[in-house]
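What follows is a set of notes on a single structure, which appears directly below.
Atoms considered below: every heavy atom in the structure, side chains included; atoms not considered: hydrogens, waters and symmetry mates.
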Amino acid sequence: MNSRIFVDFDGTITDIWRRYYALVSDFFGLSDDLFLLYRNLKKTLPDDRKLLPCFIGMDSKQVEKYLDFKHQSIESKEYLSMDTLLIEPEILKSMLDRYNFNILTIRKNPDALYEQYRALGIEFLKSKTVVLKPEGSDSKLNWIKQNTEKSDQVIIVGDSETDLAAGTMELCKTFFVCTGLRSLEAMPGIVKPDYVCADIKDFFRCLAELTAL
């Protein structure tokens, strides 16, 4: 059986919490003291239209202005530079050599992603990366269906509903990492993961155990 492994990037390979909080704090003029509160709320309220009124009491007009700013800025070099790796580059490279996985990620601007790779010292991922446009929660599922065989053993690891949606496929195993913007409780109705991992390193440890069986 042919195994195909797809690994998410934002929130899985990188810690994106500081970037997301910086967008909110810069727009509304907030201090770092609110970071932990934001993080806790974001885990259970991923939709900013629900989060921001609870977080800082913003009305709908202010929220929509923020969302316009976020849409324009989230993939800028300034904000992407705030992301940090959740795994050392040399370990990531050794895992890529061992398991030959693909990065499967959603971005508006692939060039900004590849520039981020260079800045983080992981440019070796570029040839193994598939970048999808933001087209809904089924975007990864649809791509995987179109680019794998029914007989393939598909493994997907990530932190969001777009990753877990692939669990509806036969012979697919999903791994949820707890380092991203979502909690499992915030995704009702989504297929539950086969495995829950603390982070990307935990995923590779789990994968090593499974492939040794």
side-chain contact (heavy atoms from CB on, under 4.5 Å) between Val157 and Tyr195, worked out: CA-CA 9 Å; Val157 53; Tyr195 303 90; over 6 Å; no
Criterion side-chain contact (heavy atoms from CB on, under 4.5 Å) on Glu75 and Leu113, from CA distance to verdict: CA-CA 8 Å; Glu75 293 185 24; Leu113 173 65; over 6 Å; no
Pair Asp26-Tyr79, side-chain contact (heavy atoms from CB on, under 4.5 Å): steps then yes or no: CA-CA 11 Å; Asp26 287 353; Tyr79 286 103; 2.6 Å; yes
From CA spacing to verdict: salt bridge (Lys or Arg N to Asp or Glu O under 4.0 Å), Arg118, Glu123: CA-CA 5 Å; Arg118 287 190 285 273; Glu123 195 170 6; 3.7 Å; yes
Working for side-chain contact (heavy atoms from CB on, under 4.5 Å), residues Phe27 and Lys65: CA-CA 9 Å; Phe27 188 82; Lys65 289 180 180 179; 3.9 Å; yes
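The backbone N or O of Leu51 sits nowhere less than 3.5 Å from a side-chain atom of Asp48 that would complete a donor-acceptor pair. The closest donor-acceptor contact from the side chain of Trp143 to the backbone of Val131 lies at 3.5 Å or more, if one exists at all. Remark: the backbone N or O of Cys206 is not paired with any side-chain donor or acceptor of Glu209 at under 3.5 angstrom. In this structure, Thr211 contributes its side chain and Ala208 its backbone to a donor-acceptor pair below 3.5 Å. Of the possible polar contacts, none joining the Asp152 side chain to the Arg4 backbone as a donor-acceptor pair under 3.5 Å is found. No donor-acceptor pair under 3.5 Å is formed between the side chain of Lys77 and the backbone N or O of Gln116. Formation of a donor-acceptor pair under 3.5 Å by the Thr179 side chain with backbone atoms of Asp199 is not found in this model. Checking side-chain atoms of Ser139 against main-chain N and O of Glu135 turns up no donor-acceptor pair under 3.5 Å. No donor-acceptor pair closer than 3.5 Å links the side chain of Asp138 to the backbone N or O of Leu141. Proximity of a side-chain donor or acceptor of Lys140 to a complementary backbone N or O of Ile156 within less than 3.5 Å is not detected.
Of all the heavy atoms in Pro53 and Val63, the pair that sits closest is CD-CG2, 4.3 Å. Nearest heavy-atom pair, Arg182 versus Phe176, reported as atom, atom and distance to 0.1 Å: O-CZ, 3.6 Å. Scanning both residues, Asp8 and Thr105, for their nearest heavy atoms gives OD1-OG1, 4.3 Å. Across Lys50 and Leu45, no two heavy atoms sit closer than the pair O-CD1, 4.2 Å. Residues Gly11 and Val177 share a closest heavy-atom pair of O-CG2, 4.1 Å. Heavy-atom minimum distance, Lys192 versus Thr174: O-OG1, 4.0 Å.
If you check the side chains of Tyr21 and Asp32, you find no donor sitting under 3.5 Å from an acceptor. A side-chain donor-acceptor contact under 3.5 Å links Ser160 and Asp163. Side chains of Thr129 and Tyr117: a donor on one and an acceptor on the other come within 3.5 Å.
Heavy-atom neighbours of Lys173 NZ from other residues, nucleotides or ligands within 6.0 Å: at or below the threshold of 12.
Side-chain atoms of Arg49 and Ser60, non-hydrogen and from C-beta on, never get closer than 4.5 Å to each other. Side-chain contact between Leu184 and Pro193 is present, with heavy atoms from C-beta onward closer than 4.5 Å. Within the 4.5 Å cutoff, the side chain of Tyr66 has heavy atoms near those of the Leu23 side chain. Side-chain contact between Ile200 and Ile13 is present, with heavy atoms from C-beta onward closer than 4.5 Å. Counting heavy atoms from C-beta on, the side chains of Cys178 and Val196 come closer than 4.5 Å. Using a 4.5 Å cut-off on side-chain heavy atoms (C-beta onward), Lys93 and Asp97 make contact. Considering only heavy atoms from C-beta on, Lys70 comes within 4.5 Å of Tyr20 through its side chain. Side-chain contact between Lys128 and Asn100 is present, with at least one heavy-atom pair separated by less than 4.5 Å.
You'll find the ring centres of Phe55 and Tyr38 inside the 6.0 Å limit. Remark: aromatic rings of Phe6 and Phe101 are distant, center separation not under 6.0 Å.
Rounded to the nearest 0.5 angstrom, Arg107 CZ and Phe9 CZ are separated by 6.5 Å. In this structure, CD1 on Ile103 lies 11.0 Å from CD1 on Ile5, to the nearest 0.5 angstrom. The CG atom of Asp15 sits 10.0 Å away from the CZ atom of Arg19 when rounded to the nearest 0.5 Å. Between the CH2 atom in Trp17 and the CG atom in Leu181 there is a gap of 5.0 Å [rounded to 0.5 Å]. With rounding to the nearest 0.5 Å, the separation of CG in Leu132 from CG in Leu104 is 5.0 Å. With rounding to the nearest 0.5 angstrom, the CG atom of Leu120 is 9.5 Å from the OG atom of Ser81.
The residues Glu64 and Lys61 are annotated as not salt-bridged, no charged nitrogen and carboxylate oxygen being separated by less than 4.0 angstrom.
Tracing side-chain contacts under 4.5 Å through hydrophobic residues (I, L, V, M, F, W, Y), one reaches Met58 starting from Val24; they form part of the same cluster. Residue Phe28 is grouped with residue Ile74 when hydrophobic side chains (ILVMFWY) are merged at heavy-atom distances under 4.5 angstrom, including chains of intermediate members. Residues Ile16 and Leu52 share a single hydrophobic cluster, defined by chaining ILVMFWY side chains whose heavy atoms lie under 4.5 Å apart. The same ILVMFWY cluster, assembled from side-chain heavy atoms under 4.5 Å apart, contains both Ile155 and Leu92. In the hydrophobic clustering of ILVMFWY residues, with side-chain heavy atoms under 4.5 Å counting as a link, Ile122 and Met82 come out apart.
The cationic atom of Arg18 (NZ for Lys, CZ for Arg) lies less than 6.0 Å from the six-membered ring centre of Phe35 and within 45° of the ring axis.
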In residues 84-91, what donor-acceptor pairs under 3.5 Å come from side-chain atoms, sequence neighbours left out?
from, atom 1, to, atom 2, distance (Å)
Glu88, OE1, Lys201, NZ, 2.9
Glu88, OE2, Lys201, NZ, 3.1

